[in-house]
Amino acid sequence: MEKFVPVVVIKELGETEKILSALKANGINCAEITFRTACAAEAIALACEKFPDMSVGAGTVINAQQCEAALKAGAQFIVSPGLSVAVAKICNERNIPYYPGCVTPTEIMQALDLGITTVKFFPANVYGGLKAMKALAAPFPQIKFIPTGGVDRSNIDEFLAWEKIAAIGGSFFVKEALEKAEK
Ligand code: 3PG
C-alpha cells in the first residue's frame with residue numbers, strides 16, 4: 001500500500017480534481033475519499049477516471065451499503081473509523097483491502113478472525129499514539145498499523161521510524177498540498 005493516505009473530504013464534486021491534482025503534485029499518489037459528504041461515491045468515480053495512476057479508496061465507510069456504493073464507484077481500498085464485520089465480508093469476497101479502525105486487543109482479535117492484519121489506529125493521538133501501538137504489537141506481532149487522527153508534520157517522523165507502521169493517514173496531507181498549490 002501507499003505510505004501516505006490523505007483523508008479527503010469532498011464537499012462539492014467540482015473540488016475533486018483540484019484536490020487530487022494538488023496531492024499528486026506534492027508526491028502523494030493516494031486519496032481516501034470519505035463518505036462524510038453526499039457526493040463521496042461520485043467523487044470516487046471521478047477520481048478513478050481522471051487519476052487512473054493514483055490509488056483511490058473510500059474512507060469513513062461505516063456500513064455495507066456505503067461499501068457497495070464505494071466499490072461500485074471504483075474504490076480500490078476501504079477504510080473505516082471502526083470495525084464493521086459486514087464491510088469486512090464484502091471486501092474479503094471481492095479481494096479488496098479493508099483497513100478497519102482498531103484500538104483495543106478485542107478489536108484486533110476480531111480483525112485477525114476476519115483475515116485482516118493491517119488496521120487503522122484511530123484516533124491515534126487520543127488512544128495513546130506510538131506507545132499504545134507498541135504495547136499492542138507485543139501480543140500481536142503480525143499486525144501493522146495506520147495511525148490516523150492528530151498526525152501532522154510535528155509527529156509524523158516518530159511514527160515513520162517504527163517498522164510496524166504500514167502507512168500514515170491524515171487530513172493534513174490535503175491541507176499541505178492545497179497550501180503549496182496556491183502559492
Ligand atoms: C479520519 O477520519 O481519519 C480523521 O478525521 C483524520 O484525522 P486528522 O484530521 O486529525 O488527520
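Both counts, for ligands and for their atoms, begin at 1 and track the order of listing.
When all heavy atoms of Lys120 and Tyr99 are compared, the pair lying nearest together is CB-O, 4.1 Å.
The aromatic rings of Phe121 and Phe145 sit perpendicular, their planes meeting at an angle over 60°, well past the 30° parallel limit.
Residues in residues 158-179 take part in these side chain to side chain donor-acceptor pair (under 3.5 Å) pairs, two or more places apart or across chains: Arg153-Glu176.
Around ligand 1, the residues contributing at least one heavy atom under 4.0 Å from the ligand are Val7, Arg36, Lys120, Phe122, Thr148, Gly149, Gly150, Gly170, Ser171.
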Does the pair Tyr98 and Ser80 meet the rule for a side-chain hydrogen bond (donor to acceptor under 3.5 Å, both in side chains), with working shown? CA-CA 8 Å; Tyr98 175 45; Ser80 298; 2.8 Å; yes
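Under the 4.5 Å side-chain criterion, counting only non-hydrogen atoms from C-beta, Ile90 is in contact with Leu71.
Val8 and Ile156 fall within a single hydrophobic cluster, where Ile, Leu, Val, Met, Phe, Trp and Tyr are joined by side-chain heavy atoms under 4.5 Å apart, directly or via other members.
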